[in-house]
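Computed from a predicted structure; not experimentally measured. Reminder, nothing fancy here: chain letters follow the sequence lines and each chain counts from 1. Because only heavy atoms are used, hydrogens play no part in the values below, and waters and symmetry mates are left out as well, while side chains stay in.
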Amino acid sequence: MSFVDQVNPKQLEAIKAVQGPVMVIAGPGSGKTRVLTFRIAHLINIGVPAYQILALTFTNKAASEMRERVTKIVGDKSKSLWMGTFHSIFARLLRVECEKLGYGKNFSIYDTQDSISLIKNVMNDLGVPSQNYNPRSVLSRISGAKNQLITPEVYQEQAADIFEEKTGLIWNEYRKRLKQNNGMDFDDLLLKPIDLLTQHKKILEHYQDRFKFILIDEYQDTNHAQYVLVNLLAQKNRNICVVGDDAQSIYAFRGADIRNILEFERNYPDLKIIRLEQNYRSTKIILKAADGLIKNNVDQIPKDLWTENDDGAKITVLHCNDDADEGGSIVKSIFEESGKHKLQFKEFAIMYRTNAQSRSLEDALRKNSIPYSIIGGVEFYLRKEVKDVLAYLRLLVNPADNESFRRIVNYPSRGIGAVAVDHLKKFAVSNSLGFLEAAAHAPEISGISAKGKNAIAALAAMFTKYQRLRGEMSISEMSRALVDEIGILHIFKDEGTPEAIARWENVQELLSAITEFSEQNAEATLEDFLQDVTLVSDVDRWEDKFNSVTLMTLHSAKGLEFPVVFIAGLEEGLLPFYSAEPDRKTLEEERRLLYVGLTRAKKILFLSHVRIRFRFGEMSYQSPSRFIDEIDSSLIETRRSIAKHYAAEPAKRKIADSSVKARRMKKEKSESHYFTDEQPDYDGQSDEMLSEGTVVEHEIFGKGKIVRVSGSGDSQKAVVEFYDVGRKNLMLKYARLKIV
DNA sequence: ATTAGGCGATTTTTT
DNA sequence: ATCGCCTAAT
């Protein structure tokens, strides 16, 4: 093998240190994937059977790319590698072993949406009003506790307030229901393997002997449960290699814990630490900017990043008026840069903090006929009609799945309402049956009208029929037949509205996806397909073969790189994201997120911010992100945008009156008061003396009193308590306040 | 009892 | 856009 002349000495060291625990601290663009690939290839070449290697990656895409690259070096042997995300690898393991934990092999995997709706049902049944306790927050507490390996019992004992008490109760019931439904949530895919391995010594030994060499990519984003799980597997052979970068840790909200890196060192005192600090991706200017930014974090492992690449162009900061203008400015820059450097659209990426930001950017791209593909957002497999069809398939595979039953029992409308379902549920509970089983006994259930009984019995009969057909037809034929019989395609067709047509297309696309899936792997089962759609993300499906601009969140951008990167919305409150005054930890995580974004860029980097943004249905004055100030100003060139020509709609946004309340977009058609995309007059307002207590008047918000003034020069800001609309954070440069 | 339609509230980031 | 909650119609 010829990797020796393709890597630097540090990389070589990381590739060859195959025995014992190794931690590779890999800066952005330092050839981490190359190291992992060669390391696996090296293991195989020195005689380690591929099935003894377990490689855990952050995305499925990273896994399949790596497998491809390994295959190029070692050939077919790579097929028996276990490579994938934690969730998909351990779901696979559970399919084999779950019966020892009392689950059926056909268990359903509940995504966040499914889990929330189960929580809602549980709360209903327990009489906990969902007005007081948001099911989403309840789930996130439960999930947090689960990833810390806290049991419901301990959680309930330690409950510090009424919310936690209720959460404990809900959790307990939620857990029971999941089990009854033969279902696991995302966290269970990590916790159940831990249960399995700690409860069954033989099985633990089996897998310890099986996975003699373990590699973990993006180690900084693993949580405590993942840490424990991997250590169980690795503790016997101790051939474990983790690769990560603390500066790119951006999943704390999901339980990712920097302590994993510290504990790792404690757990393996003979740990070998290798640092990869040479960057092969970005220009000197980009790297310097990123490095300068991240140095503002207190929590970090110090690093000395360097590159032999050119200085490159300065970073451009685009000052924009509003979101339409931002889209226009970005489009204009795409045209300019692609003309100047002969770049294709696929070499551009636009990144942002929240999915909601994509809309105005899409508008601008569409208006200028630039092809784009978008990662994330409302994902295909989360669309209602798609989830509805999937619920049918899921119930077919796992008849115990009461949540799926609930979802489809009256979709499309069959005259089975809440009351009928309630009777059915009572019958099911008192006879210890699943809902679908109970449905087969519809005639025996009291309290339901004859019509309702017929409808329920017919539904049950349909499932019986398709359970039989599953054995006789291919999964794609069977799915088509089922969708046909449900009749939703006709319903959408008849409705004929653009929305309905879109739904029709989505269902067709789902059916094609099933066909394609079964063509790709001939032995694939419906279970495999269902598992795939819940565990494979949008990024995983993304391919750069289309010549289009890519739009995505900063979180999704991890692990990718592009010649030209735009990061939109660098504004206080948005990036860094916060609603209340942010604490240090929050700010540091947000800073790391931007760091990840900056370091995706190879050659050219644009940052943009707007003056006025529609947020939470409200017009909001935004001040530029503090992060812009943290980048050395000698690396930056600013541009005030006048992108009228490219902006999606002339940026006309109505504000009806002085009470700036939530306004639906559709209501925004009539009436007075427009903002235009003309440059605001910078009338030197900020030069005047404004201090606490000054009474001022704003053209829209009316009169108010200044509470606080901060910053200086162009970035001077004030908090103003308006008499009519309450407290607002304004940037003086743009707010055009009049002293009263 | 069920359904349709209107209205208001809700949106950080993801496996 | 979607969901829950309301009311009026069937």
Side chains of residues 441-449 of chain A: which donor-acceptor partners sit under 3.5 Å, not counting sequence neighbours?
unit_1   : atom_1 : unit_2   : atom_2 : d
A/His441 : ND1    : A/Glu444 : OE2    : 2.9
A/Ser449 : OG     : A/Gly452 : N      : 3.1

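- Between the CG atom of A/Asp114 and the C1' atom of C/dT2 there is a distance of 15 Å, rounded to whole Å.
- For the OP1/OP2 pair of B/dT14 and a distance below 4.0 Å, the side-chain nitrogens and oxygens of A/Thr553 include at least one atom meeting the criterion.
- Each of B/dT12, B/dT14, B/dT15 was ranked by its minimum atom distance to the side chain of A/His555; first place goes to B/dT14.
- Picking from B/dT14, B/dT11, B/dT15 the nucleotide with the shortest atom distance to the side chain of A/Ser556 gives B/dT14.
- Contact annotation for A/Lys120: backbone-only contact, meaning every heavy-atom pair under 4.0 Å involves sugar-phosphate atoms and none involves a base.
- Heavy-atom nearest nucleotides on DNA chain B were determined for A/Val421 and for A/Leu535, and the one closer to the 5' end corresponds to A/Val421.
- Each of A/Ser413 and A/Ala356 lies near DNA chain B, and the nucleotide nearest A/Ser413 is the one positioned closer to the 5' end.
- For A/Asn134, no side-chain nitrogen or oxygen approaches OP1 or OP2 of B/dT10 to under 4.0 Å.
- The separation between A/Glu385 atom CD and C/dA1 atom P is 13 Å, rounded to whole Å.
- Closest to the side chain of A/Val419, from the set C/dG4, B/dT3, B/dT2, is B/dT2.
- Comparing B/dT14, C/dT2, B/dT11 by their closest approach to the side chain of A/Arg136 singles out B/dT11.
- Between the CD atom of A/Glu362 and the C1' atom of C/dA1 there is a distance of 13 Å, rounded to whole Å.
- Listed by chain and number, the residues in a side chain to side chain donor-acceptor pair (under 3.5 Å) with A/Thr553 are A/Ser556 (sequence neighbours excluded).
- Distance, A/Lys61 NZ to B/dT14 C1': 17 Å, rounded to whole Å.
- In this structure, CD of A/Gln357 is placed 17 Å from P of B/dT11, rounded to the nearest angstrom.
- Within the structure, the salt bridge (Lys or Arg N to Asp or Glu O under 4.0 Å) test picks out no pair touching residues 491-500 of chain A (sequence neighbours left out).
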List the atom pairs, donor and acceptor, that lie under 3.5 Å between side-chain atoms in residues 188-196 of chain A and the rest of the protein, sequence neighbours left out.
unit_1   : atom_1 : unit_2   : atom_2 : d
A/Asp188 : OD1    : A/Lys146 : NZ     : 2.9
A/Asp188 : OD2    : A/Asp185 : N      : 3.1

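- A/Arg407 has its CZ atom 15 Å from the C1' atom of C/dG4, to the nearest Å.
- Taking the ring centroids of A/Tyr352 and A/His555, they lie at or beyond the 6.0 Å cut-off.
- Contacts of A/Asn355 with the nucleic acid, taken as non-hydrogen atoms under 4.0 Å apart, involve only primed sugar atoms and P, OP1 or OP2.
- Listed by chain and residue number, A/Lys61 satisfy the salt bridge (Lys or Arg N to Asp or Glu O under 4.0 Å) test with A/Glu65 (two or more places apart in sequence, or in another chain).
- For A/Tyr251, the listed nucleotide lying nearest its side chain is B/dT14; candidates were B/dT15, B/dT14, B/dT3.
- One interatomic measurement links the two molecules: CD of A/Glu590 to P of B/dT12, which rounds to 12 Å at whole-angstrom precision.
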Between the protein and nucleotides 8-10 of chain C, list every N/O to N/O distance that falls short of 3.5 Å.
none

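- OP1 or OP2 of C/dC3 has not a single side-chain nitrogen or oxygen of A/Lys384 nearer than 4.0 Å.
- Taking the six-membered ring for Trp and the full ring otherwise, the centers of A/Phe58 and A/Tyr251 sit less than 6.0 Å from each other.
- The side chain of A/Asn410 places an N or O atom within less than 4.0 Å of a non-bridging phosphate oxygen (OP1 or OP2) of B/dT3.
- Two residues are said to be in side-chain contact when any heavy atoms from C-beta on lie closer than 4.5 Å; A/Ile567 and A/Arg353 fail this criterion.
- Per the geometry, CZ belonging to A/Phe58 stands 10 Å off P belonging to B/dT14, to the nearest Å.
- In this structure, A/Arg503 reaches the sugar-phosphate backbone alone: every heavy-atom distance under 4.0 Å involves primed, P, OP1 or OP2 atoms, never a base.
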